[in-house]
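Quick caveat, the model's predicted, so the values are computed rather than measured. Atoms considered below: every heavy atom in the structure, side chains included; atoms not considered: hydrogens, waters and symmetry mates. Counting convention: from 1, in listed order, for ligands and their atoms alike.
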Amino acid sequence: IEEQCHWIRESLTSFPEPPNRTNHNAIYGPIHELFDATIERKVLVEEENAITSFASEPGCFERKESTRRWRFSEENSARLRGNGGKSVLASVLLRKLRWSTLGLQFDWSKRNYDVSLPHNKIPDALCELAKQMAATAMPTGEEFKPEAAIVNYFGLGDTLGGHLDDMEADWSRPIVSMSLGCKAIFLLGGKSREDVPVAMFLRSGDIVLMAGEARECFHGVPRIFTDKEGAEIDPLESHLLHEGNNHFVDYIRSSRININIRQVF
Ligand SMILES: O=C(O)CCC(=O)C(=O)O
Ligand SMILES: [Fe+2]
């Protein structure tokens, strides 16, 4: 339970920090300290800067570009300013956080790893856990090399559609997939979308190895349970409350986090 609480805290604080990217990057650029901003009831506010650049080549037109910058502001001052620019509550952004990527960055628009993007190594403790868990599913004598991880965040109603993880070079390497928070239904299908899937529950603390045949199978998450009976997170809640982490409790009561760790090459 203690370790689960640790990964929940990391998933909400350090994992979404730049240079790691999140689903919010495409719209707002890099966002720093979203979880703290939520606690402090901050608002992300757009500031418009017009940049005029003159093309040096003859025949080219003067180009006017506007760059948008977003930064956190105190809720009150954002309201007082009443600027025409856009603003969005940090709490709304946290609820809409759907993924962050660690290690080698995955480019969702191209569905590929983009090695040119700046990135940090996967944290050592997560590497160790993944290596330990992957060991039983590795070809004999070889060690799993964690190079990338995707953190998925689910709120009530969020789903992950049926998909294959086929962007890694060597499918003899497992994917180590850890569930945290509210219980979910996981569907494991076959190699074709037509195959009828097997349904199973994933509870907080469960680790799935997508290995062997299963590495090539469609899978998805159609549902999470956030009601008290369904979520099955009582021990987790008590531990977080005991530690005085009310904000983490508030989040995890209605959320599920999945961290899946991959060897890319
Ligand atoms: O949330 C899960 O349990 C599965 C996540 C997954 O399949 C993925 O990120 O590729
Ligand atoms: Fe997957």
Side-chain angles (χ1 to χ4, degrees), residues 4 7-8 10-12 15-16 20-25 95-114 119 122 126 129-130 133-134 137 144 146-193 195 197-226 230-233 236 251-252 254-264:
Q4 289 176 47
W7 294 121
I8 290 170
E10 291 296 298
S11 297
L12 292 173
F15 291 171
N20 296 344
R21 287 150 30 105
T22 75
N23 56 299
H24 291 319
N25 262 75
R95 169 64 187 86
K96 291 186 175 170
L97 181 66
R98 290 305 316 277
W99 55 261
S100 64
T101 41
L102 318 183
L104 282 179
Q105 296 292 296
F106 192 77
D107 184 334
W108 290 92
S109 59
K110 297 184 202 127
R111 289 209 76 249
N112 213 339
Y113 291 94
D114 186 342
H119 62 272
I122 307 238
L126 191 60
L129 177 65
M133 292 297 125
F144 183 68
E147 291 164 327
I150 300 174
V151 187
N152 293 302
Y153 306 84
F154 299 81
L156 184 61
D158 292 337
T159 61
L160 182 64
H163 66 279
L164 271 184
D165 294 293
D166 53 4
M167 285 303 145
E168 296 76 26
D170 184 349
W171 295 8
S172 72
R173 279 32 186 168
I175 292 178
V176 180
S177 181
M178 168 167 42
S179 291
L180 300 163
C182 292
K183 188 175 75 187
I185 295 179
F186 181 76
L187 292 181
L188 179 62
K191 293 183 187 177
S192 143
R193 277 193 188 273
D195 297 332
V198 174
M200 56 194 102
F201 287 127
L202 291 184
R203 297 175 176 83
S204 197
D206 284 348
I207 291 191
V208 170
L209 297 179
M210 300 290 295
E213 289 269 297
R215 185 67 181 78
E216 299 165 48
C217 291
F218 280 90
H219 56 279
V221 179
R223 150 126 226 219
I224 74 157
F225 300 88
T226 57
E232 295 191 37
I233 54 165
L236 204 63
Y251 181 89
I252 211 65
S254 58
S255 313
R256 169 179 187 260
I257 300 174
N258 163 267
I259 307 176
N260 60 82
I261 305 129
R262 297 139 187 260
Q263 176 167 339
V264 176

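- Judged purely by atom type and a 3.5 angstrom limit, Arg98 uses its side chain to pair as donor or acceptor with the backbone of Tyr153.
- For the pair Asn258 and ligand 1, the shortest N or O to N or O distance falls below 3.5 Å.
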Next item on the list: Check the pair Asp158 / Arg95 against salt bridge (charged side-chain N to carboxylate O under 4.0 Å, His left out), numbers first and verdict last.
Entry: CA-CA 11 Å; Asp158 292 337; Arg95 169 64 187 86; 3.2 Å; yes
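- In this structure, Arg256 forms a cation-pi arrangement with Phe154, its terminal cationic atom sitting closer than 6.0 Å to the ring centre and no more than 45° off the ring axis.
- If you check the side chains of Asn260 and Asn258, you find a donor sitting under 3.5 Å from an acceptor.
- Remark: minimum distance from atom 6 (C) of ligand 1 to any protein heavy atom is reached at Leu160 CD2, 3.4 Å.
- When all heavy atoms of Pro174 and Ala134 are compared, the pair lying nearest together is CG-CB, 3.8 Å.
- The closest approach between any non-hydrogen atom of Trp99 and ligand 1 is not below 4.0 Å.
- Among all non-hydrogen protein atoms, the one lying nearest atom 1 (O) of ligand 1 is Arg256 NH1, 2.8 Å.
- Residue Val221 has at least one heavy-atom neighbour below 4.0 Å for each of these atoms of ligand 1: 1 (O), 2 (C), 3 (O).
- Proximity to His163 (heavy-atom distance under 4.0 Å) selects the following atoms of ligand 1: 6 (C), 7 (O), 8 (C), 10 (O).
- Heavy-atom contacts of Asp165 reach the following atoms of ligand 1: 10 (O) (cutoff under 4.0 Å).
- For Arg262, the heavy-atom gap to ligand 1 drops under 4.0 angstrom.
- Counting heavy atoms closer than 4.0 Å to ligand 1, residue Met210 contributes nothing at all.
- Here is the list of ligand 1 atoms found below 4.0 Å of a heavy atom in His219: 7 (O).
- Closest approach between the Fe ion (ligand 2) and any N/O/S atom of His219 involves NE2.
- Less than 4.0 angstrom separates some heavy atom of Phe154 from each of these atoms of ligand 1: 1 (O).
- Salt bridge annotation for Lys183-Asp206: absent, with no cationic side-chain nitrogen under 4.0 angstrom from a carboxylate oxygen.
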Next item on the list: Show your reasoning for whether salt bridge (charged side-chain N to carboxylate O under 4.0 Å, His left out) applies to Arg215 and Asp165.
Entry: CA-CA 8 Å; Arg215 185 67 181 78; Asp165 294 293; 5.5 Å; no
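- Here the two rings, on Phe186 and His219, have centers that are under 6.0 Å apart.
- Seen from the Fe ion (ligand 2), atom OD2 of Asp165 and atom NE2 of His163 lie 110° apart in angle, a value rounded to 10°.
- Side chains of Glu147 and Tyr113: a donor-acceptor N/O pair is absent below 3.5 angstrom, by distance only.
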